[in-house]
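The analysis underlying the following values was restricted to heavy atoms, covering all of them including side chains, and did not include hydrogens, waters or symmetry mates.
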Amino acid sequence: MAEVRIKTPDGNNYVGLATANLSGDVTITLPKASLDLSTAGTDGQFLKTDGAGTLSFASTGYTTLADNVTVSGSEYIKTGIPSTAKNVILAWNDLSSAVASTIYIYYGTSSGIDTGNNYFTSTTWIGGGTTSQDSYINKIAIRNTDGDAGYLHFGFMSLWRLGSSNNWVFDCTNGTSGYTGSDARIHRSTGRWVGPGALDRLKIEFTAQNFDDGEVSIHYI
């Protein structure tokens with residue numbers, strides 16, 4: 001057994017790093033650190049290995065990619081989801097458009113938003129004494145039968161990656177305020193996405209309409 005000893009500044013004690021016998025060389029690459037604490041990780045982080053000997057500082061829990069971002073224009077696209085992500089949460093609050101429209105959600109890779117037939121999804125909306133069901137293969141639809149600035153949509157979507165593949169399953173719930181009584185709307189969508197590459201981005205839009213209000217948040221782990 002080999003041991004490396006690091007002495008304390010006063011020379012009275014040491015910290016020892018020891019290994020068992022190995023069949024080959026092992027190199028451990030430590031993350032960059034200096035007297036500048038901004039490069040030595042942040043409070044609460046831990047050392048994470050990539051399985052190949054390189055260590056890095058990482059955080060526990062979810063990482064926030066978008067935090068209550070106000071949306072405008074015809075669509076909102078956010079990139080930056082890492083290929084190592086296992087679970088992604090997309091949440092929205094008070095989304096509205098000026099006229100009747102449907103909320104669509106798309107996934108994408110580093111090559112762009114995927115509009116191919118890689119989605120397998122079913123959508124149900126309930127309200128006003130009516131239940132309706134639809135299915136889509138090139139997008140995810142959050143059904144909406146009416147729309148103006150008084151109808152505000154809120155909800156979330158959770159995506160889970162299956163193993164190390166580019167296959168994701170998702171579940172989505174959307175509610176709508178501004179309706180009253182039997183006109184209250186509940187929308188549910190569930191399905192999977194067989195990605196042509198690693199998930200890198202999300203897109204949310206109103207069909208052929210602009211957002212006139214609302215916020216979006218994205219978190220991943």
Side-chain angles (χ1 to χ4, degrees), residues 66 71 73-79 81 83 85-148 151-179 182-211 214 216-220:
V71 293
S74 61
E75 62 186 28
Y76 176 76
I77 298 176
K78 187 63 177 177
T79 63
I81 300 171
S83 61
K86 289 286 190 179
N87 175 223
V88 180
I89 302 294
L90 167 66
W92 55 91
N93 185 52
D94 287 349
L95 293 184
S96 67
S97 63
V99 297
S101 184
T102 298
I103 301 173
Y104 286 145
I105 296 173
Y106 300 83
Y107 306 146
T109 69
S110 58
S111 298
I113 295 298
D114 180 23
T115 57
N117 296 337
N118 297 312
Y119 302 81
F120 304 85
T121 176
S122 60
T123 299
T124 300
W125 64 265
I126 303 172
T130 301
T131 298
S132 178
Q133 294 179 317
D134 294 291
S135 62
Y136 295 83
I137 60 175
N138 62 350
K139 56 196 168 189
I140 302 162
I142 310 301
R143 299 300 298 166
N144 174 26
T145 56
D146 297 291
D148 64 31
Y151 299 139
L152 306 178
H153 299 270
F154 56 90
F156 74 97
M157 171 180 285
S158 181
L159 301 77
W160 288 96
R161 182 157 61 97
L162 303 177
S164 60
S165 69
N166 293 323
N167 295 350
W168 293 75
V169 295
F170 63 85
D171 189 43
C172 173
T173 299
N174 178 74
T176 306
S177 60
Y179 295 93
S182 63
D183 284 333
R185 302 290 197 259
I186 298 174
H187 312 85
R188 290 294 309 275
S189 293
T190 186
R192 69 184 177 123
W193 177 65
V194 182
L199 178 68
D200 169 78
R201 63 198 65 197
L202 299 175
K203 171 182 173 180
I204 185 168
E205 69 175 10
F206 271 115
T207 312
Q209 300 295 331
N210 288 341
F211 294 103
V216 170
S217 296
I218 302 173
H219 313 277
Y220 67 84

Rounded to the nearest 0.5 Å, how far apart are CZ of Arg201 and CD1 of Ile113?
6.0 Å

Whether the side chain of Ser177 engages the backbone of Tyr151 through a donor-acceptor N/O pair (distance < 3.5 Å, no angle test) should be reported.
no

Taking side chain as C-beta onward, heavy atoms only, is Asn166 less than 4.5 Å from Thr109?
no

Mind checking what makes salt bridge (Lys or Arg N to Asp or Glu O under 4.0 Å) contact with Asp171, not counting sequence neighbours?
Arg188

Residues which pass side-chain contact (heavy atoms from CB on, under 4.5 Å) with Asn210, listed by chain and number, not counting sequence neighbours
Ser74

How long is the gap from CD1 on Ile103 to OG on Ser96, to the nearest 0.5 Å?
9.5 Å

Approximate separation, where rounding is to 0.5 Å, of Thr124 OG1 and Ile186 CD1:
11.5 Å

Please list, chain by chain and in numerical order, all residues satisfying salt bridge (Lys or Arg N to Asp or Glu O under 4.0 Å) with Lys78, sequence neighbours excluded.
none

Any heavy-atom pair between the side chains of Ile204 and Leu95 that's under 4.5 Å?
yes

Restricting to side-chain contact (heavy atoms from CB on, under 4.5 Å), what partner residues turn up for Ser135, sequence neighbours left out?
none

The reported gap from OG in Ser164 to NZ in Lys86 (rounded to nearest 0.5 angstrom) is 6.5 Å

Non-hydrogen side-chain atoms of Met157 and Ile105 separated by less than 4.5 Å
yes

Contacts of type side-chain contact (heavy atoms from CB on, under 4.5 Å), residue Glu75, not counting sequence neighbours:
Ile77, Lys203, Glu205

Quick one: which residue pairs count as a salt bridge (charged side-chain N to carboxylate O under 4.0 Å, His left out) with a foot in residues 92-103, not counting sequence neighbours?
none

Just so I know, are the side chains of Leu199 and Trp193 near enough to count as touching, which here means a heavy-atom distance under 4.5 Å?
yes

Write down the atom of Ser97, the atom of Gln209, and the distance for their closest heavy-atom approach.
CB-CB, 4.1 Å

Among all residues two or more places apart in sequence or in another chain, which pass the side-chain hydrogen bond (donor to acceptor under 3.5 Å, both in side chains) test with Arg161?
none

Using only atom types and a distance under 3.5 Å, with no angle test, would you say the side chain of Thr207 pairs donor to acceptor with the backbone of Thr102?
yes

Non-hydrogen atoms of Gly195 and Asn167 that approach each other most closely:
N-OD1, 4.4 Å

For Ile137, give me all partners under side-chain contact (heavy atoms from CB on, under 4.5 Å), at least two apart in sequence or on another chain.
Asn117

To the nearest 0.5 Å, tell me how far Ser217 OG sits from Phe156 CZ.
13.5 Å

Side-chain touch Ile140/Cys172, heavy atoms, less than 4.5 angstrom
no

Which residues satisfy the side-chain hydrogen bond (donor to acceptor under 3.5 Å, both in side chains) test with Asn87, sequence neighbours excluded?
Tyr62, Ser158

So which atom in Asn138 and which in Tyr106 form the shortest heavy-atom distance, rounded to 0.1 Å?
O-CE2, 3.6 Å

Looking at every heavy atom in both Thr176 and Phe154, which two are closest together, and how far apart are they?
N-CE2, 3.8 Å

Would you compute the distance between atom CG of Leu90 and atom OH of Tyr76 and round it to the nearest 0.5 angstrom?
9.0 Å

Return the minimal non-hydrogen interatomic distance between Tyr136 and Ala141, and the atom names on each side.
CE1-CB, 3.4 Å

With Asn118, which residues qualify under side-chain hydrogen bond (donor to acceptor under 3.5 Å, both in side chains), at least two apart?
Asp114

Would Asn174 and Trp125 count as having a side-chain donor-acceptor pair, cut-off 3.5 Å?
no

Can you list the residues that meet the side-chain hydrogen bond (donor to acceptor under 3.5 Å, both in side chains) rule with Trp168, with sequence neighbours excluded?
none

Might you point out which heavy atoms bring Tyr119 and Tyr107 nearest each other, and give the distance in Å?
OH-N, 3.0 Å

